[in-house]
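To start, the structure under review is shown below, and the notes come after it.
Here, residue 1 is the first one in the sequence, and each next residue gets the next number.
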Amino acid sequence: MSARSRGSRAARDALRKKMRDLGIPTSSIAQEMRARFGFRIREAWRHAHGWSQQEVADRLADHFASRPGQPVWVDASMVGKWEKWPVTSDRRPRVAVLLALADIYDCPVTDLLDLEDRRALPPDDIEVLTRLEPVEPSGAELLRLAADESLTWSRWAETSNVGEVSIAQLLAAVRSLSSEYLKPGASPMLLFSRARTLRDQVFALLEGHQRPHETRDLYRISGYTCALLAWISSDLGCLPEAEAQGLTAWLCAELSGDATLRAWVLSVRSKTAFWDGRLKDAVTHAQRGAACAPAGSATVLLACQEADAWSALGATAEATSALGRAADARQALRPRDEIGGLFACDQARQHNYVAAVQLRLERPVQALHAADQALVLMRSQPVRAYGTLAQTHISKAAAYLAQGQADGAHEALLPVLALAPEHRLATVTQRVTELGAGLGPRSGQDAVGLRAAIDAWRSDTISRRLALSPGRGLD
């Protein structure tokens, strides 16, 4: 068997960690090691524990040292020979060695023997090992044992590491982060760090024990938290990291069975795909999200995102149809959004999408109208989402530019140019860059001044700072 087929240490470590994280017992890990990498059974048990031959030799030495009268000399080489016997080694492990290995691997001794071992072992050894196998209870003893086992399990089933108050507090934390992220004074990196801490807390609780409905609640909370991490990651220009968070959020949504969470996760994944240039994926995710029939305004946002992607693909009819579905969904909207903040689509956010879509469809007048509607709505809001506000001003500036009004474009863009570097998100930066490229060879003082202002603005953004910082990347 080649070294490649036996797997690298990294592959074995990754397999062992993945199976342990899923709560799979060591015995099953040993069987998987044997099946996947072709190990003998004792070798597979060693790799299931993640030990080297020398580490096993040290444990065996300690074992025999604590048992006077059982002297056994052992080193790493001898461990390897015992593992290979009787196929490629003639060093048969004695019964005392097999029992010691069973002790350090914490398994029945018979689990360390396969067909080749049983064929090659002396009959006396087989008889000794057989006598050592556990005897199954029978008769009244079996009934008593079964009753004790059921009572033990019921006591375990009644326990939980969370309760209604804990679930409510965790949901409140998600709502707070989702709302705070939109505020003008928010720090994206600080909120990312807080969301990561919350995610870790929920993941740790899921590794414990709780009632089924509480487990579903925890998966729902972790799904929204990972979706928030995915959204912030894409805003910071870390698209592979955003996709990874989105995939984890989707797993949590599936495990929770929550249709509305599924829709919001697909909305986040549509956003990631859009800014990554995977426009057909963006359309697919948005359509799948709408098919989940979610409560609240997720359907409105998903239709807007679908229109956004279609317009970028140049599909006028499809984009217009999607905008119509967004308007219809707004009219039919009844339930409120459970989380809110980032996971909600108000009318201002909807008009912002309409403006961007109309621009790509080369309808600057309609785009300018939609942008103005969004800005009017945002002026009446106590808290204006700075990202949506910036995108709307960019659309307004682009609409002016499309009509040959460079002075109007510069004036419309002033609130964006005034953003602090920490709030110059990758999504905003990309659209400002596109706006600058749209100036082309235009002459005139207004166009020159706008181009210079954009170039200066782009030299210091949060995504640029993150890219240049040590250890770039988001967890």
Side-chain angles (χ1 to χ4, degrees), residues 1-3 5-7 9 12-13 15-16 19-20 24-149 152:
M1 185 170 290
S2 68
S5 63
R6 294 178 67 79
R9 178 176 179 178
R12 297 193 300 268
D13 290 346
L15 173 63
R16 181 172 56 257
M19 295 184 74
R20 282 182 177 171
I24 296 173
T26 306
S27 57
S28 298
I29 299 175
Q31 292 298 329
E32 185 66 22
M33 288 282 184
R34 190 179 184 199
R36 186 170 299 196
F37 302 122
F39 297 132
R40 296 297 314 288
I41 186 62
R42 290 178 291 283
E43 188 179 10
W45 269 94
R46 175 168 60 79
H47 287 301
H49 282 276
W51 296 337
S52 67
Q53 291 178 342
Q54 185 58 55
E55 287 175 304
V56 172
D58 293 340
R59 283 173 167 81
L60 285 173
D62 292 340
H63 174 92
F64 288 117
S66 64
R67 290 164 175 78
Q70 290 189 354
V72 173
W73 179 83
V74 58
D75 64 3
S77 174
M78 187 60 70
V79 170
K81 291 175 181 178
W82 286 333
E83 290 177 343
K84 302 298 183 185
W85 182 86
V87 177
T88 57
S89 167
D90 58 0
R91 297 305 299 266
R92 172 172 61 87
R94 293 162 37 191
V95 169
V97 171
L98 291 171
L99 292 174
L101 286 171
D103 184 64
I104 67 171
Y105 290 146
D106 192 22
C107 69
V109 68
T110 49
D111 282 5
L112 299 178
L113 304 174
D114 59 17
L115 181 60
E116 288 83 359
D117 296 321
R118 292 176 182 273
R119 285 174 173 170
L121 278 170
D124 289 347
D125 286 5
I126 292 290
E127 183 180 352
V128 171
L129 293 173
T130 301
R131 285 203 308 268
L132 292 172
E133 286 187 287
V135 178
E136 286 294 321
S138 61
E141 177 64 18
L142 175 61
L143 271 64
R144 185 195 64 77
L145 179 61
D148 287 345
E149 291 169 342
T152 299

Taking all non-hydrogen atoms of both residues into account, name the closest pair between [X] and [Y] and its distance.
| X | Y | value |
| --- | --- | --- |
| Met33 | His47 | CE-O, 3.7 Å |
| Ala57 | Val74 | O-CG1, 3.7 Å |
| Phe64 | Ala96 | CZ-O, 3.8 Å |
| Ala44 | Ala30 | CB-O, 3.3 Å |
| Leu60 | Ala100 | CD2-CB, 3.6 Å |
| Leu112 | Ile41 | O-CG2, 3.2 Å |

Taking atom [atom1] of [X] and atom [atom2] of [Y], what is their separation to the nearest 0.5 Å?
| X | Y | atom1 | atom2 | result |
| --- | --- | --- | --- | --- |
| His63 | Asp103 | NE2 | CG | 5.0 Å |
| Asp111 | Asp106 | CG | CG | 10.5 Å |
| Arg20 | Thr26 | CZ | OG1 | 6.0 Å |
| Met19 | Leu15 | CE | CG | 5.5 Å |
| Glu116 | Arg118 | CD | CZ | 11.5 Å |

Inset, instruction - Using the ring of Trp82 (Phe, Tyr or Trp, six-membered ring only), decide whether Arg42 places NZ or CZ under 6.0 Å from its centre and within 45 degrees of its axis. - result: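 Verdict for Trp82: no cation-pi partner in Arg42.
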Inset, instruction - Check step by step if side chain to side chain contact (heavy atoms under 4.5 Å, CB included) holds for Leu98 and Leu113. - result: CA-CA 9 Å; Leu98 291 171; Leu113 304 174; 4.0 Å; yes
Inset, instruction - Measure up the His49 and Trp51 rings against each other and bin them: parallel (under 30°), tilted (30 to 60°), perpendicular (over 60°). - result: parallel
Inset, instruction - Before giving the answer on side chain to side chain contact (heavy atoms under 4.5 Å, CB included), spell out for Leu121 and Arg92 the whole-Å C-alpha distance, their side-chain angles and the decisive distance to 0.1 Å. - result: CA-CA 8 Å; Leu121 278 170; Arg92 172 172 61 87; 4.1 Å; yes
Inset, instruction - Determine yes or no for a side-chain-to-main-chain donor-acceptor pair under 3.5 angstrom, with Ser89 supplying the side chain and Lys81 the backbone. - result: yes
Legend entry - Expected output: side-chain Arg46 to main-chain Val56 donor-acceptor under 3.5 Å: no
Inset, instruction - Report the residues that fulfil side-chain hydrogen bond (donor to acceptor under 3.5 Å, both in side chains) with Asp13, sequence neighbours left out, ordered by chain and then residue number. - result: Arg16
Inset, instruction - Answer whether the closest heavy-atom distance between the side chains of Pro93 and Met78 falls below 4.5 Å. - result: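 No. Closest side-chain heavy atoms not under 4.5 Å.
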